[in-house]
2 protein chains.
Amino acid sequence: MAARGPAGSVTIEDVARAAGVSRAAVSKVIRDAYGVSPAMRERVTAAVEQLGYRPSISARGMRGKTFTLGIEIPELSNPFFPLLLAGATAALSGSPYQLIIAPADPAHAEGYRAIRALVDRQVDGVIAVSPLVEPAWLTELSATVPVVMLGRHDRADGYDTVVSDDEAGARAVMRHLFELGHRDIAHLTGEADHATNGSGVPQTIRLHTYRTAMQEAGFGDRISVARAADVTADAHATALRMLSGSERPTAVFACHDEPALEVLRAVADAGLTADDVSVAGYDGIEIAGHPGISLTTVRQDGERMGRLAVELLLERIAGRTEARHEVIAPDLVVRSSTRPPRPCGAATRLSALGDH
Amino acid sequence: MAARGPAGSVTIEDVARAAGVSRAAVSKVIRDAYGVSPAMRERVTAAVEQLGYRPSISARGMRGKTFTLGIEIPELSNPFFPLLLAGATAALSGSPYQLIIAPADPAHAEGYRAIRALVDRQVDGVIAVSPLVEPAWLTELSATVPVVMLGRHDRADGYDTVVSDDEAGARAVMRHLFELGHRDIAHLTGEADHATNGSGVPQTIRLHTYRTAMQEAGFGDRISVARAADVTADAHATALRMLSGSERPTAVFACHDEPALEVLRAVADAGLTADDVSVAGYDGIEIAGHPGISLTTVRQDGERMGRLAVELLLERIAGRTEARHEVIAPDLVVRSSTRPPRPCGAATRLSALGDH
DNA sequence: GTGAAAGCGCTAACAA
DNA sequence: TTGTTAGCGCTTTCAC
């Protein structure tokens with residue numbers, strides 16, 4: 001137990017004195033570096049224990065490593081992101097590394113700021129979810145510190161990426177809706193982002209895939225894209241508007257689950273049901289499987305993505321220099337929020353309730 | 001723009017040289033300390049800009065402050081916690097402080113480890129959500145670094161606390177259920193924790209309040225407490241067992257919203273409805289208000305709590321030494337998951353659908 | 001108002 | 001195998 005409290009100012013010097021050895025010796029022992037006799041190791045360990053010594057990360061950061069990995073995340077309120085963290089944390093348990101998270105307000109495009117804050121703190125590696133940060137900037141950054149990006153489709157040499165196959169996922173959704181018989185399918189997404197990485201952003205790919213699928217199916221003239229300034233905040237209002245218009249779609253494909261939940265809410269608010277409007281989301285957040293929600297969606301394995309990101313980062317820290325770009329296959333999960341469209345002019349049908 | 005990249009190794013020395021001044025002068029300017037002429041400030045600022053200089057937090061940490069606040073959080077997957085973070089982040093925007101988050105796996109009682117990791121990184125202050133960490137340890141810790149604890153009912157001199165009035169909240173739930181006519185009310189909670197701070201844990205207080213309320217209402221003999229080893233993971237199974245027993249309750253009060261959602265799921269799985277079993281939760285997470293869920297709950301203003309915690313911490317950092325203990329009043333939010341119990345042996349009633 | 005100099009606690013060469 | 005030494009980049013007296 002610590003003699004001077006959890007953060008007592010016990011220094012390596014104190015330990016050295018107590019153990020009757022040099023500071024360098026202590027340093028070697030605590031990092032278990034090469035070249036220490038068992039006897040010395042024992043004595044030092046005892047002194048460390050007795051004094052409750054904890055190495056200062058700041059001091060470490062000035063010469064060597066900090067054993068800290070930084071992850072930048074926007075929107076912790078979107079349940080998909082905590083999944084990434086859970087995976088990352090799990091991958092790190094048992095390792096000497098500590099994860100610190102820097103939250104970045106996506107509304108203010110804070111990605112740069114948050115990543116810089118991490119780098120300023122001398123982390124040994126950075127994981128980030130910043131779709132809009134420029135590739136060039138990241139390449140520059142990655143010359144300084146190992147970097148793994150999550151959810152980006154661009155492939156640069158300097159940094160690794162872990163991404164889910166958004167095109168495949170979006171195609172699966174569209175195929176499913178077509179198979180149910182839908183033709184008037186609308187897509188709900190956020191504002192267009194005029195960033196350098198525009199085409200590498202998942203939302204943009206899903207949108208593009210939606211368009212392509214509609215074209216290919218011969219419904220090019222029925223393409224309908226609703227944009228919410230802030231997808232999360234404005235989805236409800238946008239969805240309501242969409243549903244009350246004269247050209248009400250029979251199905252809505254939302255760019256991810258959070259806005260999809262809002263569409264569901266809007267459907268209820270408008271006095272409609274899943275028989276009137278089918279809704280599909282994207283991400284596969286847990287609540288989507290709740291019987292009260294039962295949202296058809298595309299499951300991305302966030303935990304696996306987080307784990308993989310950490311693994312890639314540790315490889316980089318260990319010395320790998322060639323870039324790796326991992327693509328995860330997503331799964332379509334069909335639930336009762338998507339149903340065949342109501343036959344035109346026919347009587348209300350209340351059958352075809354998907355699952356439980 | 002940075003000339004040497006986002007994390008370029010531009011030091012204060014380089015800036016000093018470029019500006020033709022001493023290192024000390026640069027240091028003063030960037031901290032805007034007292035005693036710099038406007039002319040010097042201008043020159044230094046220009047050099048900083050031009051070189052893309054960023055002070056090393058590690059080096060700072062060795063002498064002065066790091067302008068970093070650390071927050072320890074368990075279960076980011078529970079949507080209530082991100083709310084705390086949102087509040088904390090908001091309170092910090094515009095300030096020179098950066099927030100870093102250390103996730104702590106509650107299953108492994110990692111609170112100590114995570115808090116220590118923060119302190120090792122020389123944060124200027126710590127906010128933590130660790131109900132089970134011992135008060136004595138925290139008192140010791142708070143001698144080293146300012147500490148604000150979230151969701152603890154113990155009151156120590158060394159650290160501040162921000163907590164919601166769990167007794168009032170739980171009482172409100174019980175009163176509501178009694179008023180609806182329920183008598184067989186069960187409570188779903190986690191394993192008893194034999195920690196030093198046992199009586200200061202929100203869950204324990206809610207449980208105790210449940211017991212007391214039942215007693216006071218004269219239903220002491222109907223007290224029924226179901227314990228799940230891990231409330232989040234095992235709630236569903238525990239709830240199913242509870243509902244299939246011979247003594248099925250007419251209402252279930254869950255210790256927080258996440259298990260309450262599982263009870264709702266179990267109700268559906270058992271082929272029952274809100275008319276058979278009323279369900280109430282605690283926290284007021286957003287999804288509770290979704291029409292597909294419509295869960296009666298107690299709203300705790302997490303954002304406000306997070307904001308308040310940061311404010312208290314900044315006060316401490318600014319020099320305050322007397323402890324402050326803030327209690328937030330929670331609000332009961334009645335939704336359609338709680339209804340009058342079905343009159344014994346009477347016909348099914350489908351009215352009384354609360355809100356939308 | 002400004003600069004010189006002394007460390008903060010640690011690690012990494014190098015010497016012994 | 002062990003100890004000595006020289007910084008890492010910054011802040012902070014304390015002279016000027």
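Chain A is the first sequence line, chain B the second, and so forth, proteins listed ahead of strands; every chain is numbered from 1.
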Any side-chain to backbone donor/acceptor pair from B/E110 onto B/D105? Under 3.5 Å, distance only. yes
What integer distance in Å separates A/I12:CD1 from D/dG7:C1'? 15 Å
At less than 4.0 Å, is any side-chain N or O atom of A/S58 found next to OP1 or OP2 of C/dC8? Yes or no. no
Keeping A/N197 on the side-chain end and A/V133 on the backbone end, is there a donor-acceptor pair under 3.5 Å? no
Separation of C/dC10 P from B/R121 CZ (nearest whole Å): 14 Å
Where each residue is assigned the nucleotide of DNA chain D containing its nearest heavy atom, which of A/M62 and B/I30 is assigned the position nearer the 5′ end? A/M62
Distance below 4.0 Å between B/Y53 side-chain N/O and D/dC10 OP1 or OP2: yes
The bend of the helix from C/dG1-D/dC16 to C/dA16-D/dT1, taken between the axes of its five terminal pairs at each end and rounded to 10°, is 30°
Starting at CD1 of B/I57 and ending at P of D/dT11, how long is that distance when rounded to a whole Å? 9 Å
Does C/dG9 have OP1 or OP2 under 4.0 Å away from a side-chain N or O of A/T11? no
Grab the CD-P distance between A/E13 and D/dG3 for me, whole Å please. 13 Å
For B/V36 and for A/R23, find the nucleotide of DNA chain C with the closest heavy atom, then tell me which residue's nucleotide is more 5'. B/V36
Which of A/R116, A/R121, A/R113 passes side-chain hydrogen bond (donor to acceptor under 3.5 Å, both in side chains) with B/Q98? Answer is A/R113
Can you tell me if B/R60 touches the phosphate of D/dT11, counting only side-chain N or O atoms and a distance under 4.0 Å to OP1 or OP2? yes
Nucleotide nearest B/K28 when distance is taken to its side chain, options D/dG3, C/dG3, C/dC10: C/dG3
Give a yes or no on whether the backbone of A/E13 and the side-chain of A/R23 come within a donor-acceptor separation of less than 3.5 Å. no
Determine the contact category for A/R31: base if any of its heavy atoms lies under 4.0 Å from a base atom, sugar-phosphate if only primed atoms, P, OP1 or OP2 are that close, otherwise nothing. sugar-phosphate
Does a side-chain N or O from B/S27 land closer than 4.0 Å to OP1 or OP2 of D/dT11, or not? yes
Choose from D/dG3, C/dG9, D/dC10 the nucleotide whose nearest atom is closest to any side-chain atom of A/M40. D/dG3
Take atom OH of A/Y34 and atom C1' of C/dT11, then tell me their distance rounded to the nearest Å. 19 Å
Got B/P103 and A/L85 here, is their nearest side-chain heavy-atom distance under 4.5 Å? no
Between B/R324 (side chain) and B/T161 (backbone), is there a donor-acceptor pair under 3.5 Å? no
Which part of the nucleic acid, if any, lies within reach of B/A24 when heavy atoms closer than 4.0 Å are counted: base, sugar-phosphate only, or nothing? base
Atom CZ of B/R63 and atom P of C/dC10 are separated, to the nearest Å, by 15 Å
Rounded to whole Å, please give me the gap between CD in A/Q122 and C1' in D/dG9. 9 Å
Test B/D160 against every option in B/E322, B/R316, B/H325 by the side-chain contact (heavy atoms from CB on, under 4.5 Å) rule and name the one that passes. B/R316
Heavy-atom count check: over 12 atoms from other residues, nucleotides or ligands less than 6.0 Å from A/R304 CZ? no
